[in-house]
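Every chain is numbered from 1 and lettered A, B, ... according to where its sequence line falls, protein lines coming before strand lines.
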Amino acid sequence: MSHRRAALVGAGHTRFGALDEGPRKLLRDAVDRAFESVDRGMPRGQVDEAFLASLGFSGWQLGNASALLAEEAGTHQIPVTRVENACASSGFALRAAVRAIESGQCDRVLVAGLEKMTDAPSRRRRYWLGVSGDTEWERLAGLTFAGVYALMASRYLHDYSAPREALAEVAVKNHENGALNPNAHFQKPVSREKALSAPMVADPLRLMDCCPVSDGAAALLLVGEEHARSYTDSPVFVAGTGAGSDSLALQDRESLVHLAATRRAADEAFRHAGFERKAVSFLEVHDCFTIAELLAIEDLGFAKAGQAGRLTLSGATRRDGSLPVNPDGGLKAKGHPIGATGASQVYEVFLQLRGQAGARQLKSPTKALTHNVGGSGASATVTLFTAG
Amino acid sequence: MVRKLSRGAIIRGSGRRGSLDVENVDEDQLTLAVAAVEALRRGGAGIGRPGTDRIELVGAFPELVHWALPEALGLSPGIVHHHSAGRVGLASAVPAASAPDSQGSSLLIAADLNLSSKSGPHNAADGAAALAFLFEETPGATLRVWRPSAGTTSADPHEAARISLGATEEQLRGLPIHVLQAPGIPMEVLRVKGSHPGSSPLELETLPDSYEGVGFPQSVGPAMELRALCEAAQRGEIAVLATPTPNAPAALFVATSDGETRWRGAWKGRPHSEGPKGSREPGVEPPDLAAVSEGAYVPYARYRENLPGRWRLAADRCGACGHFTFPRRARCRHCAASDRLEAVELPREGLIVEAVTKVHPGAQPTEFDPYVESEGSYSVVLARAGPEVRLTLQFAGPPPEIAIGDRVDTELRRLYAMEGEWRYGLKATLPHAE
Ligand SMILES: [Zn+2]
């Protein structure tokens, strides 16, 4: 590698779910755990710069929320920037941190993702779900994200004659993984029958096809690669990052059954990393709805168009399969605190590549991919990691 | 030149009767009026800018109709003239619509929502309906209005015909006059015997108190009588409609026809004695309108700015590469050129469904809570309106049996309320009958 790589030396994660803790406490806990996870410790004063990822759900501290991170992390007066790209906020915050390190401008960077969603009354909560879609032409035609992804699912099932069971299988598999994740919102397996008969939300998506509304936070500590060994013997290196964007509204996109932003992000990340897709041990993809996991597997280049359903039904994406996907339970079972999700995916990579994932530990993974999508695909990031 | 009545169309709102102002939460006089004119257009009527220079409205329309109706129809602003509801309004709207003051055509639109509890027995009707007439300088029915002077207790069809048509007694002698008598006007009000011995024979016809078993809201019933008058004029030489007005025993509408008057649109409805009454008072806005405004915010100025796109599918066609851009972005979405953009309107009918979902209660944006509380689930389609353009459209009415590849049309409907105002836009409908 000619450029300076970023290395992940610490990661922290709160429980995800409907929690009593408020946003400040969640942020504090995630950051504290990230510092505690650094094997040889890191004084807080060493952090150069920080990024806070949050949508600002419910309107609590909508503006200038970045200051919260400095306060709660105890890293007073360092520059903090809030990054907001909807559900991909912390994917983009991570990208900003990695670039700050790769460019040599920073040596030690903190990334935190946060969302507190369940303390608002249900009406306000429903209002905030979907504020990141196209407001004028999509939301005000009666769609929230469930409806937008349902349109994609209807087209996907139609175009590829894909079995409806493939969607259910994503939920079953992710709940099975979530059952082994003590931080997950849902920690119980779900039967195929239950997944296929859950109440309809937006045809063809049922309740079991949708991720929950969750509270939670996750935090990451990254350093320049030459400093990594002073913090841990087993750093995780960022091998490549990629990102992309697309039209806000589905109606303006070239295709209804793939996300161009994901494709671009993946191509850029692999080009940057210099290794092939077949080298990747497992994927952490953005499964806000079950259909999204199928689209992700295809758009990231791990299955041909229309084939991700069959791949999933074959068991290949289970933890013991040839391409494990979302071993932590994914957004579907682990939960989806919007701003925290991208960082949470990286937390799982940190554990898995260091052999610390406990009951859900994969068999000696060496390389991993995280994929974080904003809204219905208006923005996406892909990050590739290599065990140190 | 006198503009003549050349064609008409009637539109009835769908949905439940007698409830929520009134037929459906997403319909009102504005949307019905637009639908009636669109039905005329489907029948081949040439209504367009700058050809149509007057719109005469009969009925209680919302204030916004003055700018919203021309905007929705793609007509010049400021051409709307408002008349009061019912027969009185019709009596002033007909002369205005046929006024010989310019070269264009004019529209007469009567529309009403559920006013049954406040109107007379013969036009008592729950529901919503609109009727649109096109007046133009083509063969058709010449319409005139004649009102007996105040204080008289009877109305004379002979006199009405003679004065209205500018004819002499001699010219009228022997010509049969077809007299249509609106329900609710007693026979003795008409001076039908004795006054003109040897004059024209009168053919009397009493109009039914409902049409095809259905009554009409206040302004539409009289407009339907007008339709019957024009049909009679096509069959005979002279037709006179006697219809009660508050200030006189009868207004007499006189029609002669010098050509074919084509009528389109079918009345579909149920007898007004059937069906449950809704619980809401007529004209009451959906509850909680202010609270709904916490929804994803589109400032009113941006809503107005985008109306040509939202209501008429105004798009740009790129002169450099030929691609369409919708909504308009002042730049070609394909090649990014910003000059040589040509304004076009995309077809509002025959869109092809590319994806469909049914949104179940709870999955709707909060702006749609009143709609869901009133109507339940709704469908949303992504439909292709041209080679490079798709639209996201809520489906009007209950979720239909519809699949990818099916054809849909569009209609203007209420979408949602914000800051106490209804916002309107196109919704998908099943294909309109030819
Ligand atoms: Zn172009």
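For L205(A), no part lies near chain B; criterion is any non-hydrogen pair under 4.5 Å. Of the atoms belonging to D252(A), heavy atoms from both backbone and side chain fall under 4.5 Å from chain B. Neither the backbone nor the side chain of F395(B) comes within contact range of chain A; no heavy atoms are under 4.5 Å apart.
Of the inter-residue distances, the one linking F368(B) atom CZ with R139(A) atom CZ reads 9.0 Å to the nearest 0.5 angstrom. Taking CD of Q251(A) as the reference point, atom CG of L393(B) lies at 8.0 Å (rounded to 0.5 Å). One distance of note links CZ of R123(A) with CG of D369(B); it measures 4.5 Å at 0.5 Å rounding. One finds the CD atom of Q364(B) at 8.0 Å from the OG1 atom of T144(A) (value rounded to the nearest 0.5 Å). With rounding to the nearest 0.5 angstrom, the OH atom of Y378(B) is 6.5 Å from the CG atom of L143(A). Residue E367(B) holds its CD atom at 9.5 Å from CZ of R126(A), rounded to the nearest 0.5 Å.
The candidate with the highest count of non-hydrogen atom pairs below 4.5 Å against chain A, out of T325(B), L415(B), N306(B), is N306(B). The candidate from G309(B), G425(B), P399(B), P327(B) with the greatest count of non-hydrogen atom pairs under 4.5 Å with chain A is P327(B).
Closest approach of Q394(B) and A141(A) over heavy atoms only: CB-O, 3.3 Å.
Side-chain atoms of T392(B) and E138(A) include no donor-acceptor pair closer than 3.5 Å.
Taking 4.5 Å as the heavy-atom cut-off, none of the residues of residues 330-340 of chain A approach chain B.
Within the structure, side chain to side chain donor-acceptor pair (under 3.5 Å) contacts touching residues 353-362 of chain B (residues at least two apart or in different chains) are D203(A)-H360(B), E354(B)-R384(B), E354(B)-R390(B).
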Query - Verdict with supporting geometry, R310(B) and W137(A), side-chain contact (heavy atoms from CB on, under 4.5 Å) - result: CA-CA 8 Å; R310(B) 198 179 269 296; W137(A) 301 96; 4.2 Å; yes
**Report entry** Stepwise side-chain contact (heavy atoms from CB on, under 4.5 Å) test for V356(B) and H158(A)
**Finding:** CA-CA 11 Å; V356(B) 57; H158(A) 172 270; over 6 Å; no
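Inter-residue side-chain proximity for S154(A) and I404(B) is flagged as met; some heavy-atom pair is nearer than 4.5 Å.
The environment of CZ in R192(A) is sparse: at most 12 heavy-atom neighbours from other residues, nucleotides or ligands sit within 6.0 Å.
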